[in-house]
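Worksheet: the structure to be examined is printed underneath.
Hydrogens, waters and symmetry mates are skipped; everything else that's a heavy atom, side chains included, is used. These numbers come from a predicted model, not from an experiment.
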Amino acid sequence: MRFLWRHLPQSANARIVRNFRTPMASLLATVATVGGWASVLPAQVASPISSSIVVQSPAFVPAPDAQGTSSATANSSNPASRPRALGSLSYLRTSIENGRSQLTAHRLPNPAEAKTKLINQMQSFEAYLGGAQSSNAQAWFKFLKWNDLLREVAAQEPNLRVLTDVELSYHQNIEGFEYSPYQAMRTAIRNYIDAQRFGANPEGTLKILDSQLEKLLKLTEADNATSELERMRDIGQITNYLYSANQTPELVFAFRNAYSQPNMRVMVGESFVNRAIGRPVNQPNPVNECVLGTRVLGNSFISGSVFADLVPHNNGVSVRLTLSGNFSSDNIGYNRGVKVYTTGSSPVYASKLISITPTGTITQPAVASTNLQTQINGIDHRLRIVRRIATRKAAEQKQEANAIGQYRLETRLAKQFNDQIEQQLAQGGGGMRGLDVLNQEPVELKRLGVPKPTWALQSNNSHILADFREADVAQLAAPGPSPLPKSATGIVAEVHQSLPINLAAAFLGGRTLHSWEMDDLVRQFTGSVPAELQAESEGKPWSLQFAEHHPLEVEFEDGLAIVSLRIVKMSSGEQELPQPATVVAKYRPVVAGGYLVLERQGDVEMLFLNAPRGLRAVTLRSFFKGKFDKLFKERSEPRSVSFTTRMPNLPQLTVSNVTFSHGWAQLTVQ
């Protein structure tokens, strides 16, 4: 890949474009934007959690798209004591039995039809690129292993391993891969692979699927002691086979429904919202009024604070912004040479309800209430009789004047509070668009072939709750909500182990990763390549072939994050270790001084299904052990959480707790 990258026409250097996409951060910033009577906060918050890099090479000039546009704490370790994940076992077992009787050859994908569709798609793709002989097409063909694809399509018995490598070349964060022609090619190749795998030998396929359903029955026995991770792996693989073979859709749906809970939740406490929104208010205003024929001049002052109250909302976030404080004034009234010296005071209250929904931001007019009380401190005129008349008249009109003044104060306060919030929403650059950032499909996910996560957002009296579910049509998500206790304040983020497993599957599943392409792949996601990785890509060549199902596994249990790479084959030069292996590293979280550090527990393990023998095998095993020791470092760099770049009024956030248990990772920041 590096060779192709460096020898593509027009340029040898990639242009890096940073593109920050943080839906939850955007939401928090939008809420902060409506903080009222304060500095405007942008609606996008850059977060290291979800920053992404797009690699764009001038050599890769995407053709116009379909619209004609173009661009270039731990629990028992006994698995049986852990919570069951399958819900109604009797229902699932009945579904399995029914599924076994519904296996049928006529539903298997047809290799000939899939081949015809692939050939037609290849022809359309050539035309899309400007013709097979165009320089743009030739550059793409080298990168996408087009000759390998042509050879396997023409073969009587295509090599599925080669086809998988070709299909995976379309799963990269490269500009253009988000366009429909590239995705259609990816789908057509995958469908052809599935058709060859399951449809070429219908009788054999049905026997294998029947045996897999028998295995599924054992996995759903009430006394089955298989660990949750292993059970999810096996169930996921079987349901994936059934889906790809177009068999027993009701059974596939039943198991996906049993593992359909969100695998990520973010909880934002009301106290945190107020840390982002709460502001002191100290606002002077001149007074220039005419009340009952008297011109009143002077100064007024409002002091208090703005705070937020979360309001229940089932399909979005509602927050009531409230100004609570005190009003005071010192005025002089002028009427026909008479001066009336007064002071006024009142508690003030103003509020405005804002609802951020999937369809937009809805605001209600601000309302205000006061209880104005004025005090006449003196009346001045050169004639005593005039002063006496003025005093009597002022006393008679005081109640009416207070009512007029109170009405005007409430009207002015409501309008000023309303206008400032609306202005800040408009200036916030996206606040009025509501949650459309969550409705959009991130272009990076489309390029990698990762489905857009489904999400649900709500608020109650104490929290904002955002749930995300990342799983494609054949993947499993969480079996239920996290059972871990949660802090009532700050931000609590919870991730189920299925999330990283599902994300890695689209990019690593079945991929052969070569040392010489690692620098380019890393650059796609980070924008830079560490010196040690650059040296690795330029050193002695080696490769890893990952398992097609669950190539990477993460297990959160017993206070540890157990990271596993499931590898089918390792190669170095001309030597190979064809035995399947699992590389395991265990990490324990340490929180110190508000920072999170992951410390590796023990050595990196290489577990082989069949231990390799012989001098060469031992040498290769030692060689790769060194590589994995470098990959899984003994200690991670300290990490903190910060929004202060775009929320300067928000205090520095610190990590207060990290828990790995019951398949969930929980991070609490304060």
**Q.** Intermediate values then yes/no, side-chain hydrogen bond (donor to acceptor under 3.5 Å, both in side chains), Gln416 and Asn418
**A.** CA-CA 5 Å; Gln416 195 171 17; Asn418 189 84; over 6 Å; no
Would you list the atom pairs, donor with acceptor, under 3.5 Å between side chains in residues 296-312 and any protein atom, with sequence neighbours excluded?
| from | atom 1 | to | atom 2 | distance (Å) |
| --- | --- | --- | --- | --- |
| Ser300 | OG | Asn285 | O | 3.1 |

Does Asn315 reach the side chain of His313, with side-chain heavy atoms less than 4.5 Å apart? yes
Residue pairs passing the salt bridge (charged side-chain N to carboxylate O under 4.0 Å, His left out) test with at least one member in residues 324-344, sequence neighbours excluded, are none
Beyond-backbone contact of Asn257 with Phe255, side-chain heavy atoms, under 4.5 angstrom: no
Between Thr370 and Glu410, does any side-chain donor sit less than 3.5 Å from a side-chain acceptor? yes
>> Under 3.5 Å, is there a donor on one side chain and an acceptor on the other for Thr668 and Asn657?
In response: no
Margin query: I want to check something: taking the side chain as every heavy atom from C-beta on, are Thr363 and Leu353 in contact at a cut-off of under 4.5 Å?
Written below: no
So salt bridge (charged side-chain N to carboxylate O under 4.0 Å, His left out) across residues 282-306, not counting sequence neighbours, yields Glu289-Arg408, Glu289-Arg412
### Steps toward side-chain contact (heavy atoms from CB on, under 4.5 Å) verdict (Asp380, Val338)
CA-CA 6 Å; Asp380 184 27; Val338 177; over 6 Å; no
ring-ring contact (aromatic ring centres under 6.0 Å, His included) filter on Phe507, not counting sequence neighbours, yields Phe525
| field | Residues Glu599, Arg635: salt bridge by 4.0 Å N-O rule | value | yes
| Under 4.5 Å between any side-chain heavy atoms of Leu484 and Ser661, yes or no? | yes
So the salt bridge (charged side-chain N to carboxylate O under 4.0 Å, His left out) pairs with at least one residue in residues 346-358 (sequence neighbours excluded) are Lys352-Glu422
request  = Would you check if there is a donor-acceptor pair between the side chains of Asn402 and Glu400 at a distance under 3.5 Å?
outcome  = no
Q) Run the side-chain contact (heavy atoms from CB on, under 4.5 Å) check on Asn460 and Leu465 step by step: do they pass? A) CA-CA 8 Å; Asn460 56 33; Leu465 308 174; 3.9 Å; yes
Check: Is there a donor-acceptor contact under 3.5 Å linking the side chains of Ser328 and Asn326?
Finding: no
Salt bridge (charged side-chain N to carboxylate O under 4.0 Å, His left out) pairs touching residues 475-487, sequence neighbours excluded, are Lys486-Glu494
Exercise. Taking the side chain as C-beta and beyond, is there a heavy-atom pair between Leu596 and Pro589 under 4.5 Å?
Worked result: yes
Handout entry: Gln670-Ser487 side chain donor-acceptor pair, cut-off 3.5 Å
Key = yes
